[in-house]
Amino acid sequence: MAKVLLKGNEAVVRAAIEAGCKYFFGYPITPQNEIPEYFSKELPKIGGAFVQGESEVASINMLYGAAAAGARAMTSSSSPGIALMQEGIGYISKAELPAVIVNMMRGGPGLGGIQPSQSDYHMCVKGGANGDYHNIVLAPGNVQELVDMVQEAFDIADQYGMLVIVLADGLIGQMMEPVELRKPKARPIEPKTWALTGPNGGKPHRIYNLKLQAPDLEQDNIDLFKKYEVIEKNETRYEDYMMDDAEFAFASYGTASRVVRTAVDKLRAEGYKIGLIRPQTLWPFPYEAFKRPNIKKYLDVELSMGQMIDDVAIACGDKNMIEFFGHTGGVLITVDEVCDFAKKIMGGAK
Amino acid sequence: MVINDKRIRIITGYYGSGKTEFAVNYAYKLAKVVKRPCIADLDIVNVYFRSREKTKEMEEAGIEVISSSVVEDNCDMPALSSKITVPFLDKSYDYIMDLGGSEVGAKVLGRFGDLIDKNEVDFFMVVNLFRPETGNEDEIIHQMRLLEDMSGFKITGLVNNSNLIHETRVEDILEGEAYLKRVSDKTMIPIRYTTCMVDEVRNHEALIDKVHGELFPMHYNMRSIWM
């Protein structure tokens with residue numbers, strides 16, 4: 001298929017529909033409003049439904065219902081809206097239902113601002129709801145990857161019975177890039193025999209959150225974590241950039257990694273042996289990617305106060321090997337700032 | 001030549017067609033040939049990539065910038081400055097009005113209709129063939145009618161801004177040109193400009209004899225170097 005020029009938010013809708021998503025529930029919030037707007041125009045054309053919930057709380061619970069009925073469905077929001085959805089996220093996770101959420105992050109905490117940010121790492125990757133659970137978190141670094149990941153998110157969700165969060169930010173949502181809609185690799189996906197579509201003469205299906213017997217609930221959680229182990233093994237993903245002979249490595253994802261990549265090019269042109277490790281999945285986190293004997297320092301660059309540092313520290317096994325640079329609240333980092341930061345760390349080492 | 005266009009240049013087009021990049025490039029060109037260039041950012045649709053982000057750079061080039069009435073505007077409040085009307089009356093200005101995308105963005109113009117002498121207006125429609133909703137003649141004409149109906153102004157010129165950002169080839173620009181030529185033949189509205197990012201489109205010199213309007217060399221203002 002020929003390339004088209006799409007804004008990140010429009011691309012989410014195209015990709016979701018291509019993946020067979022027929023239902024969207026959401027509530028407007030900048031900077032992701034093009035997603036519900038575009039869905040509201042497109043879904044009726046394919047026999048699907050767009051519902052604007054009365055709030056994010058309503059929207060996530062509508063998604064819970066649609067997922068329980070076996071539908072391919074999603075919601076989207078931006079940071080404060082995702083915070084509101086946490087209760088429903090926990091319920092969907094406990095019920096092991098396949099569902100997709102896109103979060104176009106903006107500055108926080110609280111109502112925050114409307115400029116791009118990456119300060120929902122803790123909320124989305126570590127979990128903002130109660131209980132022992134994980135969500136799969138995909139972190140696209142450009143609009144093409146956003147398209148690929150949204151499509152794949154539906155398949156991953158179905159394969160494992162998981163809630164998949166595509167964690168991007170306002171800039172990727174608003175940025176325009178040429179993209180191609182392409183099919184993701186085929187995955188083993190079982191028919192949804194558990195879906196609440198009526199008993200059809202058989203036994204009624206139940207999807208239940210409450211478990212009053214503590215040992216039963218414990219067993220559920222143990223089973224959940226057995227599934228998570230499989231996902232960690234199969235789905236962990238990252239990208240190396242200029243890492244072959246690198247002595248220093250940036251750790252960065254999403255929009256920040258775009259700026260860092262350009263900084264790597266600039267630093268390489270000046271002779272510095274530096275590269276970039278870009279996690280593409282934040283849960284499961286690519287811990288193995290940071291076990292590199294030749295690396296002297298990891299330079300963590302984020303649009304936050306440094307929420308990924310703990311994971312990089314666990315990964316490399318030494319928090320003293322990590323230096324951090326970032327901006328928060330919607331302020332963007334620049335290529336020059338990243339280069340200056342790196343040069344201070346590297347000194348004259350070339 | 002931008003100096004030959006009407007005194008008030010209004011830039012419209014489908015959402016994401018590249019209006020703002022064209023408007024800002026236009027402003028810099030205009031600043032070189034007129035005494036009092038002024039650009040108004042009337043984009044109340046989008047909250048990122050608005051021309052007001054380049055206020056400092058444009059003011060340094062001698063361009064007056066009018067945007068929101070809200071100081072330090074970093075919100076999605078549809079607030080417009082009352083200064084917008086000044087250049088309608090003060091004819092010492094050469095004026096560019098950068099509208100928000102699609103008919104929603106063009107709606108803003110409706111409230112100024114009575115204050116503007118339509119004989120003084122060039123209403124340019126920016127088209128990128130590779131955007132949704134403007135991928136063929138019928139779609140482009142449909143969008144044109146929506147923009148005209150909502151704004152109350154008639155399009156006076158087409159701007160071929162067909163591009164795939166950094167992947168743009170001369171052939172892509174010419175593909176857009178061919179579609180726009182057919183639109184032009186049907187509507188009798190001329191192609192006035194064909195844009196080209198001359199720093200990165202290879203063999204762009206080949207366009208000179210092949211475009212129907214004027215070749216309009218552009219440079220990125222709205223995209224950071226890492227984008």
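Each chain gets a letter, A, B and so on, in the order the sequences are listed, and its residues count up from 1. Just so it is clear, the model here is predicted, and its values are computed rather than measured.
The residues B:Arg131 and A:Glu10 are annotated as salt-bridged, a charged nitrogen and a carboxylate oxygen being separated by less than 4.0 angstrom.
B:Phe130 has its side chain out of reach of A:Leu6: every pair of non-hydrogen atoms, C-beta onward, lies at least 4.5 Å apart. B:Pro132 places a side-chain heavy atom less than 4.5 Å from the side chain of A:Arg14. Contact annotation: the side chain of A:Met175 approaches that of B:Arg223 to within less than 4.5 Å [non-hydrogen atoms, C-beta and beyond]. The shortest side-chain heavy-atom distance between B:Phe49 and A:Met176 does not fall under the 4.5 Å cut-off.
For the atom pair B:Glu133 CD and A:Lys41 NZ, the distance stands at 6.5 Å (nearest 0.5 Å). Of the inter-residue distances, the one linking A:Leu5 atom CG with B:Ile165 atom CD1 reads 4.5 Å to the nearest 0.5 angstrom.
Between chain B and the residues A:Pro31, A:Gly113, A:Pro116, A:Gly173, the most heavy-atom pairs under 4.5 angstrom are made by A:Pro116.
Checked against B:Trp226 for a side-chain contact (heavy atoms from CB on, under 4.5 Å), the options A:Val260, A:Val338, A:Thr255 give a single hit: A:Thr255.
The environment of NZ in B:Lys29 is crowded: more than 12 heavy-atom neighbours from other residues, nucleotides or ligands sit within 6.0 Å. More than 12 heavy-atom neighbours from other residues, nucleotides or ligands sit within 6.0 angstrom of NE2 on B:His166.
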Inset, instruction - Go through the steps for B:Tyr48 and A:Gln115 under the test side-chain hydrogen bond (donor to acceptor under 3.5 Å, both in side chains), then give the verdict. - result: CA-CA 8 Å; B:Tyr48 287 43; A:Gln115 297 300 323; 4.5 Å; no
Inset, instruction - Show your reasoning for whether side-chain contact (heavy atoms from CB on, under 4.5 Å) applies to B:Met227 and A:Leu171. - result: CA-CA 10 Å; B:Met227 279 186 203; A:Leu171 202 65; 3.9 Å; yes
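For a residue to count as touching a neighbouring chain, one of its non-hydrogen atoms must lie under 4.5 Å from one of that chain's; by this rule A:Thr334 does not touch chain B. Neither the backbone nor the side chain of B:Asp172 comes within contact range of chain A; no heavy atoms are under 4.5 Å apart.
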